[in-house]
Amino acid sequence: MRNIVFDQAPEISILYQDNDLVAINKPSGLLVHRSEIDKRETLFALQLTRDLIGQHVFPIHRLDRPTSGVLVFALSSEIAATMSKAFANDEIQKTYLAMVRGHTQEQITIDYALTRIFDKIADKNRATDLAPQEALTYLKTIATAELPFPSGRYEKSRYSLVELNPKSGRKHQLRRHMAHIRHPIIGDTNHGDGKQNKSAREHLALNRLALHAASISFVHPTTKQCISIHAPLDEALTSVFEQCRWPTT
């Protein structure tokens, strides 16, 4: 499925804000910030958030363009450095929801090292002969569905709603891990199943990657309080989940 193209700036909803941090619910299809990878883009989560709150914001982590959900920015470079270190040290608890092909086991630990993905432009000067990076993802199955339309050679379509908790932050980790265990995320054009994606477009009107950063939890860098931020599903995923009779909150 192609990336969503915005004719105008999408509405950005603030999920959390204090003197140090602001969190938004990033729409699917929106880049986090300017990139050499796609110079044609003019809309970015960083700039839209800055304009919304009227002050500079600093990126501390990223979400892939097609992924929706919780995205946190710092309001100073000092807080950004502290939070970036916490992300790098896996001190941040991230929970994602994904719709995947087939019926998954109740719980799975995916311990599978990933080769590094290099971009032809952004990484053109980096060494490419590097060893795979350790990557760990915990999976919990929330619900399953079997719907009365074909996907590829199957007469009916089986899906699972899974909760994913990555314990490392490798590029496309969740998408690659789900493909590795042969339960690719629906709508994933890089690592997924084209026939499944086509069927979901035609029968469920799903035109995006079915991956959502549902929540993030961390110790606040200043107050030291435990903070937990949750992002509601967008209309597209809510509609699909309802058709599967899955929980939407």
Side-chain angles (χ1 to χ4, degrees), residues 1 15 23-29 32 60-72 86-117 132-145 157-193 196-197 200 204 206 208-218 227-234 236-238 240-241 244 246-249:
M1 297 173 186
L15 303 172
I24 67 165
N25 191 356
K26 185 188 85 68
S28 173
V32 173
I60 56 179
H61 70 123
R62 66 186 298 276
L63 291 178
D64 289 341
R65 180 176 184 170
T67 304
S68 58
V70 182
L71 179 65
V72 183
F87 272 99
N89 293 336
D90 294 327
E91 297 171 359
I92 311 293
Q93 177 70 27
K94 295 166 287 184
T95 300
Y96 292 76
L97 294 176
M99 177 184 185
V100 304
R101 180 184 72 185
H103 288 177
T104 50
Q105 300 176 40
E106 184 177 348
Q107 292 186 329
I108 307 173
T109 297
I110 309 170
D111 187 354
Y112 179 68
L114 298 171
T115 56
R116 301 174 193 241
I117 297 177
Q133 298 173 297
E134 293 184 359
L136 186 67
T137 300
Y138 296 118
L139 178 153
K140 176 183 177 182
T141 300
I142 298 174
T144 60
S157 297
R158 286 187 167 190
Y159 302 110
S160 294
L161 171 61
V162 298
E163 180 181 285
L164 300 173
N165 296 107
K167 306 312 289 184
S168 45
R170 310 310 179 197
K171 190 170 184 179
H172 296 181
Q173 176 172 322
L174 299 181
R175 296 157 69 177
R176 296 167 74 189
H177 269 178
M178 294 312 300
H180 172 67
I181 65 171
R182 301 189 185 282
H183 291 286
I185 298 175
I186 302 301
D188 188 349
T189 55
N190 291 333
H191 312 286
D193 184 320
Q196 293 280 340
N197 295 344
L204 297 174
L206 180 63
R208 54 155 294 181
L209 177 70
L211 179 63
H212 178 70
S215 68
I216 191 169
S217 301
F218 55 89
I227 303 295
S228 186
I229 305 171
H230 299 263
L233 300 172
D234 64 10
L237 288 186
T238 296
V240 171
F241 284 22
C244 293
W246 291 341
T248 58
T249 57

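Values in this document were obtained by computation on a predicted structure and should not be read as measured data. All heavy atoms count here, side chains included; hydrogens, waters and symmetry mates do not.
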Nearest atoms (heavy-atom pairs only) where Ala98 meets Leu164: CB-CD1, 4.0 Å
What residues, two or more places apart in sequence or in another chain, satisfy ring pair (Phe, Tyr, Trp, His ring centres under 6.0 Å) together with Tyr96? none
Nearest-0.5 Å distance that lies between atom NE2 in His212 and atom NZ in Lys26: 11.0 Å
Who are the salt bridge (charged side-chain N to carboxylate O under 4.0 Å, His left out) partners of Arg62, not counting sequence neighbours? Asp64
Could you tell me if Gln93 and Lys167 have a donor-acceptor pair between their side chains, going purely by distance under 3.5 Å? yes
Excluding sequence neighbours, so at least two apart, what forms salt bridge (charged side-chain N to carboxylate O under 4.0 Å, His left out) with Asp193? Arg101
Between the main-chain N or O of Asp188 and the side-chain N or O of Asn197, is there a donor-acceptor pair closer than 3.5 Å? yes
Check Met99 against Val240 and note the closest heavy-atom contact, atom names and distance. SD-CG1, 3.5 Å
Is the backbone of Glu91 close enough, under 3.5 Å, to the side chain of Asn89 for a donor and an acceptor to pair up by distance? no
Just jot down the side chain to side chain donor-acceptor pair (under 3.5 Å) partners of Thr67, sequence neighbours excluded, or say none. none
What residues, two or more places apart in sequence or in another chain, satisfy ring pair (Phe, Tyr, Trp, His ring centres under 6.0 Å) together with Tyr112? His180
Residues two or more places apart in sequence or in another chain: which of them pass ring pair (Phe, Tyr, Trp, His ring centres under 6.0 Å) with Phe218? none
Which residues pass the side chain to side chain donor-acceptor pair (under 3.5 Å) test with His103, not counting sequence neighbours? none
Ile216 CD1 to Ile227 CD1 distance, which is reported to the nearest 0.5 Å: 11.5 Å
Scanning both residues in full, the closest heavy-atom pair of Ala213 with Leu63 reads CB-CD2, 4.0 Å
Residue list, ring pair (Phe, Tyr, Trp, His ring centres under 6.0 Å) with His230, at least two apart or on another chain: none
Nearest-0.5 Å distance that lies between atom CD1 in Ile142 and atom OG1 in Thr104: 9.5 Å
Flag for Ser228-Ser217: side-chain donor and acceptor within less than 3.5 Å: yes
Derivation and outcome, side chain to side chain contact (heavy atoms under 4.5 Å, CB included), residues Thr144 and Leu161: CA-CA 6 Å; Thr144 60; Leu161 171 61; over 6 Å; no
Less than 3.5 Å apart, any donor N or O on the side chain of Thr248 or Thr238 sitting next to an acceptor on the other? no
Shortest non-hydrogen pair, His61 vs Val72, comes out as NE2-N, 2.8 Å
Would you say Ile185 and His191 make side-chain contact, with heavy atoms under 4.5 Å? no
Test side chain to side chain donor-acceptor pair (under 3.5 Å) applied to Glu134 - qualifying residues, sequence neighbours left out: none
All side-chain contact (heavy atoms from CB on, under 4.5 Å) counterparts of Thr109, not counting sequence neighbours: Leu136, Tyr138
Going by heavy atoms in the side chains, are Thr95 and Glu163 under 4.5 Å from each other? yes
Can you name the nearest heavy-atom pair linking Ser28 to Ser68, along with the distance? N-CB, 3.8 Å
Rounded to the nearest 0.5 Å, the CG atom of Leu97 sits from the CG atom of Leu211 at a distance of 8.5 Å
Separation between CG (Leu139) and CD1 (Ile181), nearest 0.5 Å, reads 5.5 Å
Ignoring hydrogens, what is the shortest heavy-atom contact between Asn165 and Lys94? Give both atom names and the distance. ND2-O, 3.0 Å
Distance col, row Leu15:CG vs Ile24:CD1, nearest 0.5 angstrom, shows 8.0 Å
Under the salt bridge (charged side-chain N to carboxylate O under 4.0 Å, His left out) test, residues paired with Arg176 that sit two or more places apart: none
I'd like to check the side chain to side chain donor-acceptor pair (under 3.5 Å) partners of His177; sequence neighbours left out, ordered by chain and number. Thr137
Just by modelled atom types, is the Pro232 backbone N or O under 3.5 Å from a matching donor or acceptor in the Asn25 side chain? yes
Side chains of Pro132 and Thr115: closer than 4.5 Å at any heavy-atom pair? yes
